Amino acid sequence: MSYNHEKIDKKWQDLWDEKKSFKVVIDKTKPKFYALVEFPYPSGQGLHVGHPRSYTALDIISRKRRLEGFNVLYPMGWDAFGLPTENFAIKNNIHPSIVTKTNISNFKKQLKSLGISFDWEREIDTTDPKYYRWTQWIFIQLFNHGLAYKKEMNVNWCPSCRVVLANEEVVSGNCERCSEGVIRKIKSQWMLKITDYADRLIDDIDSVDYIDRVKVSQKNWIGRSYGAEINFTTNVDFDLQIYTTKPETIFGVTYMVIAPEHDFIIKHKDNIKNIDDVIKYIEKSKCKSDFDRVEMIKEKTGIILEGVYACNPLNNNKIPIYISDYVLITFGSGAVMAVPAHDQRDFEFAKKFGLEAIQVIDTLVNDKNSAILSNNDSDCLINSEFLNGLNILDSRSKILSFIEDKNIGRAKTNYRLRDWIFSRQRYWGEPIPIVFCEECGYQAIDEKDLPLKLPNLDNFKPTDSGESPLSNISEFVNTNCPKCFGLAKRETDTMPQWAGSSWYFLRYCDVDNEDQIASKESIDYFMPVDWYNGGMEHTTLHVLYSRFWHKFLYDIGIVTTKEPYLKRTSHGMILGENGEKMSKSRGNVVNPDIIISKYGSDTMRLYEMFIGDFEKSAPWSSDSIKGCRRFLERIWNFQNILIEGEYFRENLKIIFNKTIKKVTEDIENLKFNTAIAVMMSLINNIYETKSINKYEYKTLLVLLNPFAPHITEELNEICFKNNLYIYQFKWPIFDINKCIDSNIEIALQINGKIKNKIDINIEDDEENIIKIAKEKLAEYLDSRHIIKEIYIKNRLVNIVVK
RNA sequence: GCAGAUGUGGUGGAAUGGCAGACACGAUGGACUCAAAAUCCAUUGUAGAAAUACGUGUGGGUUCAAGUCCCAUCAUCUGCACCA
């Protein structure tokens with residue numbers, strides 16, 4: 001009987017469905033394990049070979065955990081709101097809800113054909129009103145706690161999608177979704193005050209087990225810096241407040257630069273003599289996005305404000321004021337004190353405009369072509385009056401207490417992180433549950449009226465004005481104020497796609513709950529997520545946003561853990577055969593359906609894991625996958641050479657124990673590729689004996705089951721007829737004492753170069769081994785002087801000679 | 001420019017400072033076959049008939065011993081908001 005993957009895959013997938021084999025309920029007699037993978041956006045293209053990498057990896061973990069006695073929650077759902085669906089719907093004139101339904105059913109079919117052990121009873125869909133009711137509920141809580149507010153923002157505007165993008169969604173100055181150029185536009189936006197949580201988002205990251213790259217990216221994104229705010233007076237009635245991380249260099253200030261958007265310019269335009277030129281410069285910089293400003297690294301631009309000047313509060317020196325777009329209004333106070341001697345950007349700007357530089361830190365490094373960047377805290381200050389002779393750290397604390405005493409400034413912590421722009425002027429998103437009343441202002445709708453359903457529009461295209469399509473529907477817009485019951489208008493903006501994915505892991509705990517996000521009991525039992533895996537591209541934003549919401553929900557008593565995810569790992573991308581990123585336009589996309597129908601889902605799963613280091617990207621190879629299929633066929637054919645036996649045979653005892661140990665450990669360390677390699681080695685060894693006994697075969701099937709669940713279940717049924725499924729078995733354990741061979745080969749070296757090898761017994765003592773080694777190496781030792789003899793246990797002998 | 005990562009056979013990739021190239025693909029030769037496919041066996045880092053020599057981007061260093069640690073350098077990839 002040959003290995004018929006089509007029949008076998010279907011048989012077991014149907015059986016798991018029918019028996020609800022992976023359904024999980026609260027069971028306090030067992031330890032729980034919550035495995036989570038990022039739920040997909042169900043795009044029209046269907047599943048991509050990249051998706052299964054993450055799902056298979058945590059499926060292996062989940063299946064192994066079940067065998068180890070855990071009660072495993074491994075759920076799946078759909079992050080289904082979003083622009084591509086809306087754009088597809090517009091283009092093809094089909095309602096986005098229908099597009100979504102079709103895409104989900106296609107994705108689901110494809111996922112099922114992979115045999116992942118999801119609990120499909122807990123499937124969620126972010127576009128389902130039963131789900132987004134609670135997304136809206138969380139927004140109301142944020143609003144009631146002052147964390148959601150409206151603000152006029154200079155926002156990124158995509159003329160093509162006609163939608164405002166968060167900074168995070170702008171890639172290289174272009175829209176992340178449609179790749180069109182992004183311009184700047186003023187718009188009143190709902191904002192979420194994520195900055196209130198900046199410290200906790202940084203500090204708590206040390207309490208969780210995230211891979212370092214993720215921790216670093218979270219910290220860098222928040223970007224906490226310690227510095228000072230200092231007020232500089234001016235010759236007009238206005239104090240310019242600057243932010244600096246190096247307050248001790250204040251005696252080196254020779255000019256000041258403010259952002260083009262700074263209030264000072266408009267307020268004192270009558271005092272600025274060259275105001276016409278200044279306005280021209282401002283207009284020019286308005287067209288640039290922040291990204292363009294970044295790109296302008298070659299040359300600094302700027303213009304002096306004539307007729308106004310600032311005073312250095314420390315020595316009353318008059319200093320000129322410039323505007324330049326390298327200073328951003330969104331960071332610090334939108335004004336910097338320029339110290340060209342010790343800051344590279346200031347140095348370049350000063351060079352271009354012929355401005356003076358005063359050196360205030362004495363350091364050995366001295367390069368005339370760049371600023372003097374001192375990294376040494378013990379360097380001392382010069383040209384700085386009362387700071388002279390103090391090192392950097394001492395002078396910093398002295399200047400801080402000085403400015404605080406004189407009330408001209410104070411220590412200040414700053415963050416790179418900005419508040420989260422939360423509005424979208426689009427149709428296919430959760431309506432924001434707020435109304436505007438002339439009398440009462442912005443009011444959250446009554447929680448009893450949730451969900452606020454997205455009206456079923458015929459015309460869901462964005463309006464050219466940039467308002468949401470919902471603004472055209474008077475039945476939706478016109479309503480009553482929940483407070484005074486007078487006439488009021490609904491908010492017509494919708495939420496960004498990030499919203500639904502910021503709390504979905506909570507809903508999985510209790511998907512059908514109609515009274516709350518999830519029951520307290522289910523949250524207490526399943527949360528936190530024990531292991532969360534997803535793409536590298538989400539390690540900054542999605543992880544940060546969902547941690548923020550979780551911390552807020554902690555503060556209002558909904559969840560009981562400060563962090564949502566105990567452990568976060570990320571997988572590398574699967575590239576096309578040509579080593580480039582898979583994409584439709586490159587024509588190198590591999591469709592998993594074709595692979596599965598040709599080789600079967602177990603081969604597909606195995607190859608996804610064998611392809612390379614899980615955390616690194618790897619190119620797909622349609623040749624290499626054959627090796628995985630051959631491996632499974634050999635295991636299949638073992639049923640023909642099956643013999644009786646209740647223990648490992650003596651000559652295979654060591655290798656079996658070693659393999660169990662390695663596979664057990666490698667799975668935990670995301671080293672799926674070497675786990676598979678060691679099983680391949682094992683079967684090569686078994687092959688040499690021309691037989692396999694029942695105990696050995698059963699052990700092998702359990703070990704392989706998390707990787708290749710269909711074929712292993714089938715073989716178990718054929719060969720053992722024990723009325724038990726493998727998923728009900730126990731994970732094999734190894735005997736640490738039987739993991740080392742008694743006879744091993746060690747290397748013999750002369751001065752670190754391999755010259756020979758010998759077999760030793762691990763019981764042999766060192767003295768004896770060195771003696772044998774020297775006999776073996778006699779020809780090299782002849783008449784030479786031995787300086788040192790090194791023996792590394794079970795590894796090698798190295799004789800150092802002269 | 002900044003930050004992070006990566007450089008190992010023809011290919012994907014293995015190697016707690018201790019025998020570089022596990023495992024797999026591909027290739028070559030052989031068995032089976034009328035033939036092909038599949039399967040099985042053997043070989044496969046480079047040079048060399050061999051002994052041997054050389055080999056982990058490049059140049060130094062530490063060490064009895066370096067793919068691995070340190071310094072410098074080059075190349076590639078990813079992210080970015082000139083973060084003061």
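What you see is a predicted model; the values in this text were computed from it and never measured. Atoms considered below: every heavy atom in the structure, side chains included; atoms not considered: hydrogens, waters and symmetry mates. A, B, ... follow the sequence lines: proteins, then strands. Residue 1 opens every chain.
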Sugar-phosphate only, base, or nothing, as touched by A:S617 at under 4.0 Å among non-hydrogen atoms:
sugar-phosphate

Across the strands shown, which category fits A:E633 at heavy-atom distances under 4.0 angstrom: base, sugar-phosphate, nothing?
nothing

Any base atoms under 4.0 Å from A:Y415, or only sugar-phosphate, or nothing? Heavy atoms, all strands.
nothing

Would A:R605 and A:F707 count as a cation-pi pair here, with the cationic atom under 6.0 angstrom from the ring centre and within 45° of the axis?
no

Select base, sugar-phosphate, or nothing to describe what A:I754 touches, counting heavy atoms under 4.0 Å on all strands.
sugar-phosphate

Base, sugar-phosphate alone, or nothing: which one does A:N673 contact when heavy atoms must sit under 4.0 Å apart?
sugar-phosphate

C1' spacing across the pair B:A65 / B:C19, given as an integer number of angstrom:
12 Å

For a quick check of understanding: with a heavy-atom distance under 4.0 Å over all strands, which category does A:K219 fall into, base, sugar-phosphate or nothing?
nothing

Among side-chain atoms of A:H5 and A:D602, is any donor-acceptor pair under 3.5 angstrom?
no

Less than 6.0 Å separating the ring centroids of A:F422 and A:W498?
no

Treating primed atoms plus P, OP1 and OP2 as sugar-phosphate and everything else as base, which nucleotides of nucleotides 25-30 of chain B get B, S or - for protein heavy atoms under 4.0 Å?
SS----

Run through RNA chain B and report every stem of 3 or more consecutive Watson-Crick or G-U pairs, distances under 3.5 Å, ordered by first number.
B:1-7 with B:74-80, B:10-12 with B:23-25, B:26-31 with B:39-44, B:45-47 with B:52-54, B:57-61 with B:69-73

Answer with base, sugar-phosphate or nothing: what part of the nucleic acid does A:R634 contact at a heavy-atom distance below 4.0 Å?
sugar-phosphate

Are side-chain N/O atoms of A:N684 and A:R634 paired as donor and acceptor at under 3.5 Å?
yes

Closest to side chain of A:K755, choosing from B:A53, B:G4, B:A14:
B:A53

Hydrogens and angles aside, do A:T301 and A:Y326 bring a side-chain donor and acceptor to less than 3.5 Å of each other?
no

Which part of the nucleic acid does A:E745 contact within heavy-atom distance under 4.0 Å: base, sugar-phosphate only, or nothing?
base

Does any N or O in the side chain of A:N673 come within less than 3.5 Å of the main-chain N or O of A:M609, such that one atom is a donor and the other an acceptor?
no

Nearest to the A:A747 side chain among B:A84, B:C19, B:C64, which nucleotide is it?
B:C19

Within the structure shown, what part of the strands sits under 4.0 Å from A:L796 by heavy-atom distance: base, sugar-phosphate, or nothing?
base

Syn/anti state for B:G12 [syn: chi within 90° of 0]:
anti

Any base atoms under 4.0 Å from A:N414, or only sugar-phosphate, or nothing? Heavy atoms, all strands.
nothing

Can you tell me, in whole Å, how much space there is between the P of B:G1 and that of B:A20?
40 Å

